[in-house]
Structures are given as C-alpha cells and as structure tokens.
Trainee: 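I'd like to ask some things about the structure below.
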Number of protein chains: 4
Amino acid sequence: MRGAGKKSIPTLVKDPQLIARRREQIVQAAVDLFISKGFHKTTTREIAHSSGFSIGTLYEYIESKEDVLYLVCDHIHGELEKRMQEALVESQTGADTLRQAIRVFAHVMEQMDDQVLLIYQEIKSLPNEPMKYVLRREEAITEIFERILQKGIADGSLQVDPKDVKLMAQNIIILGEMWVFRRWALRKHYTLEEYIEAQTNLLLQRLTHHHS
Amino acid sequence: MRGAGKKSIPTLVKDPQLIARRREQIVQAAVDLFISKGFHKTTTREIAHSSGFSIGTLYEYIESKEDVLYLVCDHIHGELEKRMQEALVESQTGADTLRQAIRVFAHVMEQMDDQVLLIYQEIKSLPNEPMKYVLRREEAITEIFERILQKGIADGSLQVDPKDVKLMAQNIIILGEMWVFRRWALRKHYTLEEYIEAQTNLLLQRLTHHHS
Amino acid sequence: MRGAGKKSIPTLVKDPQLIARRREQIVQAAVDLFISKGFHKTTTREIAHSSGFSIGTLYEYIESKEDVLYLVCDHIHGELEKRMQEALVESQTGADTLRQAIRVFAHVMEQMDDQVLLIYQEIKSLPNEPMKYVLRREEAITEIFERILQKGIADGSLQVDPKDVKLMAQNIIILGEMWVFRRWALRKHYTLEEYIEAQTNLLLQRLTHHHS
Amino acid sequence: MRGAGKKSIPTLVKDPQLIARRREQIVQAAVDLFISKGFHKTTTREIAHSSGFSIGTLYEYIESKEDVLYLVCDHIHGELEKRMQEALVESQTGADTLRQAIRVFAHVMEQMDDQVLLIYQEIKSLPNEPMKYVLRREEAITEIFERILQKGIADGSLQVDPKDVKLMAQNIIILGEMWVFRRWALRKHYTLEEYIEAQTNLLLQRLTHHHS
DNA sequence: TATGAATGAGGATTCATTCAT
DNA sequence: CATGAATGAATCCTCATTCAT
C-alpha cells in the first residue's frame, strides 16, 4: 500500500479552512473545463479565471497543474462514494441489497458519466504516486460490492463460489462503467432501466439459481 | 453514416506506394510513443525522429499532428480486425463459434491492451469527423458478434430473445475491454484463461440453458 | 465607413497605462526594424528584444505579428498629423496658408521619409479591416488641404473650380510623397527647398493667376 | 553606373532558347502570384506549379527565389517600355508630342497598375545590385520625357528653363504613378480622362504660356 | 533535362510558473 | 493573502533549397 495514501499538496497558505474553500472552487471550475476541453487543452489561466481568482492565487493553493487534476480525480471519487452511500439501504437479504446496489451504481454512473470518463481519459497524466492513490479509491468502490456479496453468501441468499467474489464485484463495476464508455452504442438500443434489468438478470440468475 | 467514411489525408508526395510505406513507419513509431507518453506529450519531432526521417519529411505525409493520431487509431482498428479474422474459425454450432470468438477476442485484447487503451484515452483529441469514423470501426467489431449470435439463434444452439442480441454483443465487447481497462485490478486475482472461462460461463449459461 | 474605426487590439494585461507604455516601446522598436529589414524579415523575437522585453511579454500586448504592423502604421499617421498640426499656422489669406502648408508637408515628408515608405510597402500585409482604417487616416491628411483650399476660395485668394478641389489636394499630397518615393532620382538634381519652390510655383500659378 | 548593368542569372541549362522560354513561363506565373499574394507569401512551389513544371525544374533556371522577383521586375519594365514605344508617335511640335506622351503614359499606368505597384512594394526585397539595375530602368523612362522636353525647347514650342527639365520629367512620371498609388482616392472623383486632362493643363499651361 | 522526395533551420505563438508589489 | 506582469522553454509547422534518380 506504499505510496497509495492520500497525497497532501503543499501550500503557501496557512488557514486550512481557506485552503479547503479555495480548492473546492478550483475543483468546481476545473471539472467542467476538463470535461469540455480535456486536461491538456485547459490552461491554468482558465482554471484560475473560472475559479474566480487570479493565476497568482491559484498557485498559492497548488504547486502544479497536475495537482489540479489530482484534486479533481479525488473529488470525483469522493462524490461517487458519497452518492453510493446515500442511496444504499440495507435490505433483508444480501441478494436484495445487491440488486439495489447495482441499480444505484448504474444510476450514479449515468449521473456522473462525464466525470467517470474524465478519470479514465486523463488519469495517465498524473504522476506515479497520485495515480496509485486514485486507483486505490477505485478499488474501494469495488469492495462495497464484495462486502454485499459476502453478506449474501453468509445469509444464503446468494450462491457464489468464494473465489469468484472478486470477479463478480468487478463485473458489476464493469457493467456500470460500460454504460458510460459505450453509451454511444448502448443508448441507441436501450434505456438505462432496460439495461439495468437485463444485466441484473444476467448476473443474478446464476447467483440465485437453485438447481432442483 | 454521413461523414463517417474513411478520411484521406492530403499529401505533398505523389507516389502512393511511398506514402503507404512512410505512413506505416510513422504509425509504427507513433503507436509506441503515444502509448508511453500520451498523444499530447509526444512531439512531432519525436515522431519524425522515431520514424527515421526529418520533421520536414514527416509533414510531407501528414498535415497536422492530429493526422498522426488518426492514422494510429485507424491502424489499431485494422490490426484488431485482422487478428480477429485470422483467429476465427467457423465451428459446427453458433454456440461453439461464439465460445471460440469470445476466447479470440479476449486474447486479442490481451495482446493489444496498450493500443486499445490508447484509443480510449486519446480519441477525444481527434477532430469531429475522424472521431466518428473511428467509432464506426468500433461498431464493426461488435457486429462480428452479432452475426455469430444470429447464427446460433438460427441453428437453435443459442436461446436469445432477438431484441437482446445487441446487448449480448455489447457485453462480449465489454468483458474483453474490461480485461484491458481494469487489468490492474483483475490480474491480481485471475489469469486470462480463468477470466475467459468464468465470463464465458456466465454469458452462455443463460443462452444455452435448457429449461427441463 | 463601416469597419474603418480604430481597431483595439486585445490584451492580456489590464493596466491601460502600462499597455500604452509597452506598446510605445514596441512601436519604437518595430519602426526601426521594419524600416531596415522590412516587415517579413523582422522576427517577433527581434521585436521583443529591441523593445526591451521577452517574447512572452510581447505577446501579452499583442495577439499577432500583424498587430505590430498595425500599431506601427497607426503611430506613423499619428506622428504625421501631429507634426502637420504643430507646424501649421493660420495666415492672412488662404493662398498664404496653402503655400505654407505645402512647405510644412514637404518637410514632414522629408523628416519621415522612411516611415512613409514603410506604410506604402507593407500596408498590404495588414488584414482587411485594419488596412481600411489606415487608408482612412491617409484621407484625413488630404482633407487638411481641402479645407485650406476652400478657405482660399472663400476669401478670394485662390481661383479654383470647386470640382477641382479634391484633385488639387491630391496633387499636393502627391508632390510631397514623391519627394519620398523618387528621392533617389530627385535628390540628384534638387534640394528640398528648390523642389518646394518649383512645385509650389507650378501649383499656385494657375490658382492665383489673374486673367487680365 | 557600376553594378547597374543587367544581371545575368546563372543556370544549369545550356540551351539559351529553352532558358528564355522557361523564364517566360516563370515570369508569367510569378507576376500573377506576386500581385495577388505578395512576394513573401508566395512559395517557390506555387511558382513552379503555376509555371507548369516541378520545383526541381524551377531551380534549373534560377538560383534563388529573389531571382524570380528580379526577372519579374525586369519583365515589367520591359513591358512598360514596349508599350510606351508602341504608342508614341512623333508629332509636329515637341509640345504636341509631350501632350500625347503624357496621355500614353497615363494609359500604360492604368493598364499596368498592379504591376507598377508590385515593383514599388517588393523592390526592397531585391539584393543590392539587382535593385540598382531596376531603378536604372525606371530612370530610362524618365529620360523619354526629358528628350521630348528638350525637343520642345529646341523647336520653340515649350518654354522651360533647361534646369527644370528634369523636374518636369519627374513630374510627369509622378502624376502617372499617382494614378496608380492613390487610385483608391482619385477614382472616387475622376475618370482617367478627366485626370489626364486636368493634369496636362496644369503642367503645360506654364510651359506653353506666352507672356505677351 | 526533369522530377519530386528529403532536409532542417527558422519562425510565430502558447502557457506553466515565478515573484515583486 | 492576492495580484497579474514577466519569463522563456517548448511546440507545431513552413518552405527555400538540394540532390539522387
């Protein structure tokens, strides 16, 4: 886990509250810019301007343009996790929880599609250590599904070989992200609800199938 | 389909054979550079140098740096299709053909992982028309699987509701590409063969399931 | 008159006083460079260097090299007008005013010969709108002479058919500019004073001629 | 007169007839290009292409791009002289000859306005020696008028102080060229014929005036 | 002679970052 | 803390000229 800890960006400013507020402004501005123009084609001047302050001030709160990308990626993951947490409710059985979690995840992906795409397309521009951290947060989301699967196994509502738990969790992530990546192809033929329905059936069919 | 036709890049050179040869050199050099440094951080001089000629010569065969990206994307898709074609053999049943096609596709993804990633990460840097063309080629690969599914339906070896054919095809693409996108997570737990096996079972179980 | 208004060049700098000062530096440097090497053979780096700052700073105050040419042309016309204004004194009669104005104009042309030549030789490198504006300023100078001629007609000191006023004014400009354009030929045979004397006589003879 | 002799451009080709023919092609193509785009913005490739042969062939007949400009200037002067010669007819008196010569010159200027402008705007791009030669040819045209004036003095039809002959000749050239340089202003108010009429009257009035 | 592919110096412009005020 | 002018390395692209075929 070396190097995967949250990176703290050095600052010239002392007041932590101010730092937090300013960085929020920066992220807010940068997310939109990165989405519409890409990381490389966005200038630091634009970021500063959209953030509402000068280029000099921007550099009081970051050390390099890449720091902004890092802040943005970190923020997006935070937002992802927050929305997942908010929408997830413990149900009776693990199977039901899973069913609902898949739905939630797919909807979150739909809402944040541009941002998810952004991370995938620009992550390579991050320096090594920050990149690892970002990938680590990605895994954290996978673990949400792993835990639900484990619970379903424990309460008997899901039949999964324990060694397949990780693959199942990955598959859930995958199907959610695919709604983002291949939207240009999928949306021609399915609504989000149809997609969730079809994919959930496919996934759970086996997991809940009772060989009589 | 307007505007999705193959773009032909203007040239200062007349000999078509020479153009083909030089552009091959360019693509060969650029693929590696783009993979290791990304499109934006690769300079035209580096491309020229790695191609084995001067910057002036490079610009005899392209009009802009973006043309190189287009050539690279086009080449990668060509390579993808070629490898798919080579490895696909018609089997007895549609179900068997599908099983084999999935395996082939996953292996091609494994071999060309960096290149597939490259397309996903840099496609947004293409101008509008070329981008459309590249996406069109992506769809062409999906259609390979659609045809196999149709065949399986026809010969009775696959039970799929015709309206789900597109989703199924997309799912196959998805699972192949996920081996690329999430390799950092998946490879910790599975070999490619295990992955193919597990995913194929998951997909085909329903399609071939006989409700007795 | 559409599009012939003064063009205001966009800037990255906010302080208007600084802009004015820096642009003055730019013009000062560029005039000399353009005169000795021509617009095309002068590099932006040379302009920046001679202006006393870096290439980056140059581009804080202009958007393109052509902007520099525009600034230069505008400055030259300003200087022309200023010197004309300074030297012009209202005399008793229109005829006397005219006589003096011709002398002044010829002297101004003599002093600014390189700059006048510069405008004639490089104006075609300006984009359309700025070119129109520059030509408009040229006309403004002609109008100075038109006004004097009108005055002479009014006070009876000049006999000119009103329809010839414009031609007369043009002729005055012409003879002044010719001292610039054909200096290589004229200076072999005349001093400026001789030239003024001869040309004034020629022009005014008719205008003041009393048909007895 | 050192250095003002006709420059002969070195060639890789032996056959003088071929050289003449090719250079004619070059000049024909270059004149149009230089007029519409200016010397600096015209590329040698364009010149070669418009001339009807390859860039390599172009360089068989010239040594540098500036040679083309020289050929063009030389050609224009030749054309000017030819047209003057063709149209000039000896009249009875020097005064009549002059009157007609002015008319001819003004018409030639009208016909060749773009080319005259071209010389004035691009001559500074010539190397030193060729420039001198071009200016020398300019003087040759002035001399045509000087000779006519001398003849008029000799036959008594013109009253000119011999020391003013050169200025008079220059003035004639000037008024012709001004129809070119200031056409944007003059054409608003006069036709060419009106202009010739007015200027001729102005010039000749004094020269032919009989102080009775 | 004619061709046209190859060359690379050179030029305009951008933009992340710094630092004096 | 905030500002924004200054910097200059870096980048894309052009084009006159050469030379092997």
Side-chain angles (χ1 to χ4, degrees), chain A residues 11-15 18-19 22 40-49 52-68, chain B residues 11-15 18-19 22 40-49 52-68, chain C residues 11-15 18-19 22 40-49 52-68, chain D residues 11-15 18-19 22 40-49 52-68:
Chain A
T11 284
L12 296 173
V13 178
K14 300 285 149 65
D15 179 357
L18 187 56
I19 295 174
R22 290 277 183 260
H40 282 102
K41 290 195 180 155
T42 301
T43 68
T44 52
R45 275 177 152 91
E46 286 172 311
I47 297 169
H49 182 77
F53 35 72
S54 71
I55 182 68
T57 303
L58 177 66
Y59 273 86
E60 300 269 319
Y61 297 94
I62 56 159
E63 284 199 309
S64 76
K65 195 185 170 190
E66 279 153 3
D67 285 347
V68 178
Chain B
T11 285
L12 294 176
V13 176
K14 294 176 175 173
D15 178 357
L18 188 55
I19 295 172
R22 290 280 182 259
H40 282 101
K41 291 200 180 151
T42 301
T43 69
T44 52
R45 281 191 145 77
E46 285 173 310
I47 297 169
H49 183 77
F53 35 70
S54 69
I55 181 69
T57 301
L58 176 66
Y59 276 88
E60 298 261 306
Y61 295 94
I62 56 159
E63 286 199 310
S64 74
K65 194 184 168 190
E66 278 156 3
D67 284 345
V68 178
Chain C
T11 286
L12 294 176
V13 175
K14 293 177 177 173
D15 179 357
L18 189 55
I19 295 173
R22 290 279 182 261
H40 283 101
K41 291 200 181 153
T42 301
T43 69
T44 52
R45 284 189 142 80
E46 285 173 310
I47 297 170
H49 183 77
F53 35 70
S54 70
I55 181 67
T57 301
L58 176 65
Y59 275 87
E60 298 261 306
Y61 295 94
I62 56 159
E63 284 199 309
S64 74
K65 193 184 169 189
E66 278 156 3
D67 284 345
V68 178
Chain D
T11 284
L12 296 173
V13 178
K14 299 285 148 64
D15 179 357
L18 187 55
I19 295 174
R22 290 279 183 259
H40 282 101
K41 290 196 181 156
T42 301
T43 68
T44 51
R45 275 179 151 91
E46 285 173 311
I47 297 169
H49 181 78
F53 36 71
S54 70
I55 181 69
T57 303
L58 177 66
Y59 274 86
E60 301 270 320
Y61 297 94
I62 56 159
E63 283 200 310
S64 76
K65 194 185 170 189
E66 279 153 2
D67 284 346
V68 178

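Throughout, a chain's letter reflects where its sequence line sits, starting with A, and its residues are numbered from 1. Both backbone and side-chain heavy atoms feed into the values below; hydrogens, waters and symmetry mates do not. Just so we're clear, the structure is a prediction, and the values are computed from it rather than from any experiment.
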Trainee: If you check every side-chain atom of Thr43(A), which of dT1(E), dA9(E), dA16(E) has the closest atom?
Mentor: dA16(E)
Trainee: Considering every strand shown, what is the Watson-Crick or G-U wobble mate of dA20(F) when both distances are under 3.5 Å?
Mentor: dT3(E)
Trainee: Determine the interplanar angle of the His40(C) and His40(D) rings, folded into 0 to 90°, and report it as parallel if under 30°, tilted if 30 to 60°, perpendicular if over 60°.
Mentor: parallel
Trainee: Let me confirm one number: the CG-CZ distance from Leu58(C) to Arg45(C), rounded to the nearest 0.5 Å.
Mentor: 11.0 Å
Trainee: For dC12(F), does OP1 or OP2 lie under 4.0 Å from any side-chain N or O of Thr44(B)?
Mentor: yes
Trainee: Rounded to whole angstroms, how far apart are CG on Leu58(D) and P on dT17(F)?
Mentor: 10 Å
Trainee: What I'd like to find out is whether the side chain of Tyr61(C) reaches to under 4.5 Å of the side chain of Leu18(C), using heavy atoms alone.
Mentor: yes
Trainee: If every non-hydrogen atom of Ile19(D) is compared with every non-hydrogen atom of Val13(D), which pair is closest and at what distance?
Mentor: CD1-O, 3.5 Å
Trainee: Closest to the Val13(D) side chain: dT14(E), dC15(F), dT1(E)?
Mentor: dT1(E)
Trainee: Show the distances under 3.5 angstrom between N or O atoms of the protein and N or O atoms of nucleotides 19-21 of chain F.
Mentor:
none

Trainee: Remember a base hit wins even if backbone is also touched, and classify Leu12(B) as base, sugar-phosphate or nothing at under 4.0 Å, heavy atoms.
Mentor: sugar-phosphate
Trainee: Look at atom NE2 of His49(A) and say whether more than 12 heavy atoms of other residues, nucleotides or ligands are closer to it than 6.0 Å.
Mentor: no
Trainee: Arg22(C) side chain: which of dT17(F), dT13(E), dA6(F) is closest?
Mentor: dA6(F)
Trainee: Scan Thr42(D) against the nucleic acid and name what it touches under 4.0 Å (heavy atoms): base, sugar-phosphate only, or nothing.
Mentor: sugar-phosphate
Trainee: Rounded to whole angstroms, how far apart are CD1 on Ile19(A) and P on dC1(F)?
Mentor: 8 Å
Trainee: Write down the distance between CD1 (Ile62(B)) and P (dA5(E)), rounded to a whole number of angstrom.
Mentor: 16 Å
Trainee: Quick check for you: to the nearest 0.5 Å, what is the distance between Arg22(B) atom CZ and Thr11(B) atom OG1?
Mentor: 12.5 Å
Trainee: Tell me which of Lys65(C) and Thr57(B) sits closer to the 5' end of DNA chain E, going by the nucleotide each one is nearest to.
Mentor: Thr57(B)
Trainee: Return the CG to OH distance between Leu12(C) and Tyr59(C), rounded to the nearest 0.5 Å.
Mentor: 12.0 Å
Trainee: If you check every side-chain atom of Tyr61(D), which of dT1(E), dC1(F), dT7(E) has the closest atom?
Mentor: dT1(E)
Trainee: Using the closest heavy atom to pick a nucleotide of DNA chain F for each, name whichever of Leu18(A) or Lys14(C) lands nearer the 5' end.
Mentor: Leu18(A)
Trainee: Rounding to an integer number of Å, can you tell me how far Glu63(C) CD sits from dA12(E) P?
Mentor: 16 Å
Trainee: I need the CZ-P distance between Phe53(B) and dT18(F), as an integer number of Å.
Mentor: 23 Å
Trainee: Any idea which of dA5(F), dT7(F), dT3(E) is nearest the Ile55(A) side chain?
Mentor: dA5(F)
Trainee: In whole Å, I'd like the distance from the NE2 atom of His49(C) to the P atom of dA12(E).
Mentor: 16 Å
Trainee: Side chain of Asp15(D) only, heavy atoms from C-beta on: which candidate in dT1(E), dA5(E), dT13(E) is closest?
Mentor: dT1(E)
Trainee: Under a 3.5 Å cut-off for both contacts, is dG10(E) paired Watson-Crick or G-U wobble with anything, and if yes, with which nucleotide?
Mentor: dC13(F)
Trainee: Could you state the atom-to-atom distance from NZ of Lys41(B) to C1' of dC15(E) in whole Å?
Mentor: 14 Å
Trainee: At what distance, to the nearest 0.5 angstrom, does OG1 of Thr43(A) lie from CD1 of Ile55(A)?
Mentor: 7.5 Å
Trainee: Whole angstroms only, please: what is the NE2-P distance between His40(C) and dG11(E)?
Mentor: 13 Å
